[in-house]
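Heads up, the thing below is written out as structure tokens.
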Amino acid sequence: MRPLTLDDLRPQAPLDPDGLEAARILVLAQVAQTAQAAADGPDEGRDDAADAGVLPLRPRRVTPRRVAAMTAAAAAVAAVAVLVPNPSDPVAFAGWSTVPSAVGDLEALGAECIAIPDEVEVSNPQDEDPQDVASRSLRDAVAKVGDRRGSTSLVVLTSPGGGFQSCVIGPDFRLASVVGPTGSSFSNPSGDLPGEGAIGIGGDRSFPSAGEATFASGDIVGIGGDPALGIATGRVGEGVTGVELTLSDGTVIQATVANGLWAAWWPTQDVPAGLTPIGADGTRLPTADLDADEYAQLVWQIADAGA
Amino acid sequence: MGIEQGDGDAQRFAAMWERYAPRIQAYASRHVGRDDAQEIVAETFLVAWRRLSVVPGEPLPWLLVVARNTVANHRRSQHRARLVSDELARLRDVAAPGPAADGVVEERDALLRALATLTAAEREALLLVAWDGLAPAQAAQVAGCSVTAFKVRLHRARKHLDVGRPADAAPRDGRLALAPQEG
């Protein structure tokens, strides 16, 4: 007799008819509720959330402004092209951990960051906002927070010119990323990753209230390869001393928090899905869900197109 | 499905439900168990309903991607250690009984036990192909990696599954190693 294989054990459908019927009723109820709400009149927040693919089944604490900004940014950044010079050379993010280690000399890392050539390839330069062009320069920027994991660090700088400016510095890889006032993100990898796709994730650049944290910007680069690289930054409000960033695969990363900012990086193409501020006494404050579906779909489309 | 829209969208959605809801349920059940699977199925299809215009003609990989994200969000709120015993229980619950023959019960259990001790990524690679019936390119889309990376992962998973089939196989995942072995 031949050995048993996994094909022999393929689940027989329907696995749980009662559960399936319960799910069907749940879907019908939600669809009916949505239809009724639409008939009752417009609701700006709800419509924005629905457009962003947000489900009504889970609590959501993201402002409409953020949803709109992130959705718009998704469309905008898809047009940004990124060159990777040596796709065949592997990059090792050795020693990465969900918990950061001491960053060391932040000022020196900031100087190293500024020294990275600021060359950006934009597919439609004529459409670029002049403010974005101006804010790309890293001159006069000051390093505010450094997130070190293994031998690679993410450094976030701010400058009088505008948006968050960040870079990744590792033994084999360097990346400069600038977020302009309109929320667009530009990346300039000077190292190499196997994958060639990239997206920027715009967010909320306002200053959060006490006890809150905002997602300001992020990038996923090296999409379609292994490893890829994800980075994210944001601000923290008064009383927030820690931030946990949850990725779309469920991984929870402890971000580095300093000078009113938080930062984290990770060696995959998973997208940010949630943000939990932590109070000084360890209290977990209200979590903000991010639009993981929207960006995850974009990542997979890019990965699929490059396959 | 019973959504009274009376247009092509509603009909398409109803047909999609009839054909694919059981498969999404099977996928969800092996990740979160039967009790929570219905919520995953409902959330997945609500996303499909809202975004019907972008659901591709062959919707299963797309639906599985949404289900995967929903499962990840679900796990985020659980913060539970993933134990071999839990994985094995879910797999036993979901897997078909197998052909009727002497010794199949023991062989089925050994195979599922080996499957449970793989890393989550390797187990997912095997089952996206063997149970969900996806081609490698489709499965890579669901797994969130390149086709090349997926094929490598699948190859390794098959090797590890073969090695792990003896009943005394050791866990291969650091987290899973914390779990007591059954039997």
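Lettering follows sequence order; numbering is per chain, from 1. On a predicted model such as this, the values are computed, not experimentally measured, just so you know.
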(Q) Heavy-atom pairs under 4.5 Å with chain A: which of B/V66, B/V41, B/V94 has the most? (A) B/V94

**Q.** Residue B/R34 excluded, over 12 heavy atoms near CZ under 6.0 Å
**A.** yes

Q: Pick one of side chain, backbone, both or neither for B/V129, based on which atoms fall under 4.5 Å of a heavy atom in chain A.
A: backbone

Q. Quick check: does any side chain N or O of B/Q25 sit under 3.5 Å from a backbone N or O of A/P14, one acting as donor and the other as acceptor?
A. no

**Q.** Point-to-point distance, once rounded to the nearest 0.5 Å, from CZ of B/R123 to CG of A/L6
**A.** 11.5 Å

Q. To the nearest 0.5 Å, how far apart are CG in A/L4 and CG in B/L112?
A. 8.5 Å

(Q) What I'd like to find out is whether the side chain of B/P22 reaches to under 4.5 Å of the side chain of A/L15, using heavy atoms alone. (A) no

Q.
Quick one, A/T5 and B/L111 - any side-chain contact, counting heavy atoms below 4.5 Å?
A. no

Q. Is it true that a side-chain atom of B/Q38 and a backbone atom of A/L20 form a donor plus acceptor pair closer than 3.5 Å?
A. no

Q: Determine, for B/R68 against A/D270, whether the closest basic-nitrogen to carboxylate-oxygen distance falls under 4.0 angstrom.
A: yes

Q. Can you name the residues that form a side chain to side chain donor-acceptor pair (under 3.5 Å) with B/R153, not counting sequence neighbours?
A. none

Q: Check each atom of B/D93 against the heavy atoms of chain A and say whether the ones under 4.5 Å are side chain, backbone, both or neither.
A: backbone

Q: Look at B/A26, B/A149, B/G144 and state which one has the largest set of heavy-atom pairs under 4.5 Å with chain A.
A: B/G144

Q) In Å, rounded to the nearest 0.5 Å, how long is the span from CD of B/E107 to CG of A/L9? A) 9.0 Å

Q: Counting only heavy atoms closer than 4.5 Å, note whether B/L115 contacts chain A via side chain, backbone, both or neither.
A: side chain

Q: Would you confirm whether A/R10, through its side chain, and B/A130, through its main-chain N or O, come within 3.5 Å as a donor-acceptor pair?
A: yes

Q. If we only count heavy atoms from C-beta on, is the A/V27 to B/F13 side-chain gap below 4.5 Å?
A. yes

Q. Side chain, backbone, both or neither: which part of B/A37 has a non-hydrogen atom closer than 4.5 Å to chain A?
A. neither

**Q.** Side chain / backbone / both / neither for B/I24 at chain A, heavy atoms under 4.5 Å
**A.** neither

Q: Please list, chain by chain and in numerical order, all residues satisfying side chain to side chain donor-acceptor pair (under 3.5 Å) with A/E21, sequence neighbours excluded.
A: A/R24

